Amino acid sequence: MQTTSHRVYKPTQAYISATWASLAIGVIGYLVGLWNANILLNEKGYYLAIFILAMFSAVTLQKTVRDKQEGLPTTAVFVGMCWAAFFSAVALLGIGLFNADMFLSEKGFYGMAFILSLFSIITVQKNIRDLTNEDGSTLSSAYPGVANSIDVALETTDIVGE
């Protein structure tokens, strides 16, 4: 197996923090809007299931496309399934919102929170991938605010272990 080597630039801590913040804003906004929506419980479940499918398929698709770009083996069937799941989630949200009995402003809110979350989760996954070593371990700097906590915990463990 031959892999293509690409120079990967490490994202800055500010960029990593901004992507995590935008992901939190998108996901929390979507979920709070869903929680407060005046719709039936089965409709809330529909929109939640679509959201989860979209987030998972976006990450899987991004990883698969990047694997293919870097020369790692990917099967055409799996790539096709990733694209199908992603477009299905986006289409199902669009169809659901089009047919929903909601104000146009509510529909726009869900659409914008959905798109923000999709963009953010793809970018967060890219940042994590960029900060993952060849052995598969991810640098703690990929998770803002956690890096210092992990360092303190490791130092405390070392002190207690002595």
Side-chain angles (χ1 to χ4, degrees), residues 8 10-70 72-132 136-150 152-153:
V8 176
K10 304 292 183 202
T12 64
Q13 195 59 42
Y15 185 72
I16 292 169
S17 297
T19 57
W20 277 99
S22 66
L23 178 61
I25 290 167
V27 169
I28 291 169
Y30 188 91
L31 295 177
V32 167
L34 196 57
W35 180 267
N36 292 321
N38 192 16
I39 57 178
L40 297 174
L41 191 57
N42 63 338
E43 291 176 285
K44 289 182 180 185
Y46 173 80
Y47 288 114
L48 180 62
I50 288 172
F51 187 72
I52 292 169
L53 172 64
M55 297 297 107
F56 180 76
S57 64
V59 168
T60 307
L61 179 60
Q62 193 275 343
K63 183 195 178 314
T64 305
V65 168
R66 183 144 172 198
D67 283 351
K68 192 173 184 178
Q69 179 187 20
E70 292 177 354
L72 297 172
T74 57
T75 63
V77 172
F78 188 74
V79 173
M81 287 172 40
C82 291
W83 280 109
F86 180 76
F87 284 124
S88 294
V90 172
L92 286 169
L93 180 77
I95 292 166
L97 290 177
F98 180 78
N99 292 312
D101 188 24
M102 296 180 193
F103 291 117
L104 193 56
S105 59
E106 288 178 285
K107 293 178 181 184
F109 173 80
Y110 285 117
M112 293 304 292
F114 187 81
I115 296 300
L116 176 62
S117 298
L118 279 179
F119 170 77
S120 300
I121 200 149
I122 290 168
T123 308
V124 164
Q125 198 278 335
K126 180 205 173 295
N127 290 342
I128 291 171
R129 174 99 177 233
D130 289 345
L131 294 170
T132 300
S137 61
T138 303
L139 302 174
S140 60
S141 61
Y143 311 100
V146 176
N148 293 337
S149 302
I150 291 174
V152 169

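The structure displayed is predicted, hence computed values, not measured ones.
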Legend entry - Check: S117 side chain, G26 main-chain N or O, donor-acceptor pair, under 3.5 Å: yes
Inset, instruction - Output the distance between atom CG (L48) and atom CD (E43), rounded to the nearest 0.5 Å. - result: 13.5 Å
Legend entry - Nearest atoms (heavy-atom pairs only) where T60 meets C82: CG2-SG, 3.4 Å
Inset, instruction - Go through the steps to decide whether L118 and F86 satisfy the test side chain to side chain contact (heavy atoms under 4.5 Å, CB included), and finish with yes or no. - result: CA-CA 10 Å; L118 279 179; F86 180 76; 3.9 Å; yes
Inset, instruction - Considering non-hydrogen atoms only, spot the tightest contact between A84 and S88 and give its length. - result: O-OG, 2.6 Å
Legend entry - Rounded distance (nearest 0.5 Å) linking atom CG of L34 with atom CD of E106: 11.0 Å
Legend entry - Chi angles and distances behind the side chain to side chain contact (heavy atoms under 4.5 Å, CB included) call for W20, N127: CA-CA 10 Å; W20 277 99; N127 290 342; 5.8 Å; no
Inset, instruction - Could you grab the distance from atom CD1 of I52 to atom OH of Y47, nearest 0.5 Å is fine? - result: 15.5 Å
Inset, instruction - Please tell me if the side chains of I16 and L131 come closer than 4.5 Å, counting only heavy atoms from C-beta onward. - result: yes
Legend entry - Spacing of F103 atom CZ and K107 atom NZ [to the nearest 0.5 Å]: 11.0 Å
Legend entry - N42 atom CG, neighbour heavy-atom count above 12 within 6.0 Å: yes
Inset, instruction - Supply the atom-to-atom distance T19 OG1 to L23 CG, rounded to the nearest 0.5 angstrom. - result: 8.0 Å
Legend entry - Plane angle bin for Y30 and Y110 - parallel if under 30°, tilted between 30 and 60°, otherwise perpendicular: perpendicular
Legend entry - Check: W35 main-chain N/O paired with K44 side-chain donor or acceptor under 3.5 Å: yes
Inset, instruction - Give a yes or no on whether L40 atom CG has more than 12 heavy-atom contacts from other residues, nucleotides or ligands under 6.0 Å away. - result: yes
Inset, instruction - Name the orientation class of the two ring planes belonging to F87 and W83 (parallel below 30°, tilted from 30 to 60°, perpendicular beyond 60°). - result: parallel
Inset, instruction - Could you give me the CA-CA distance, side-chain angles and deciding distance for L93 and F51, then say whether side chain to side chain contact (heavy atoms under 4.5 Å, CB included) is met? - result: CA-CA 8 Å; L93 180 77; F51 187 72; over 6 Å; no
Inset, instruction - Apply side chain to side chain contact (heavy atoms under 4.5 Å, CB included) to the pair M81 and V77, showing each step before the final yes or no. - result: CA-CA 6 Å; M81 287 172 40; V77 172; 4.0 Å; yes
Legend entry - Point-to-point distance, once rounded to the nearest 0.5 Å, from CE of M102 to CG of L97: 6.0 Å
Inset, instruction - Give a yes or no on whether the backbone of V79 and the side-chain of T64 come within a donor-acceptor separation of less than 3.5 Å. - result: no
Legend entry - Residue pair S120 / S22, side-chain donor-acceptor N/O under 3.5 Å: yes
Inset, instruction - Decide salt bridge (charged side-chain N to carboxylate O under 4.0 Å, His left out) for D67 and R129; before the verdict, give the C-alpha distance in whole Å, the side-chain angles of both, and the deciding distance to 0.1 Å. - result: CA-CA 10 Å; D67 283 351; R129 174 99 177 233; 2.6 Å; yes
Inset, instruction - Tell me, yes or no, whether the heavy-atom count around Y46 atom OH, taken from other residues, nucleotides or ligands under 6.0 Å, exceeds 12. - result: yes
Inset, instruction - Answer yes or no: is there a donor N or O on one side and an acceptor on the other, between the side chain of K68 and the main chain of P73, under 3.5 Å? - result: no
Legend entry - N36 CG: over 12 foreign heavy atoms closer than 6.0 Å: yes
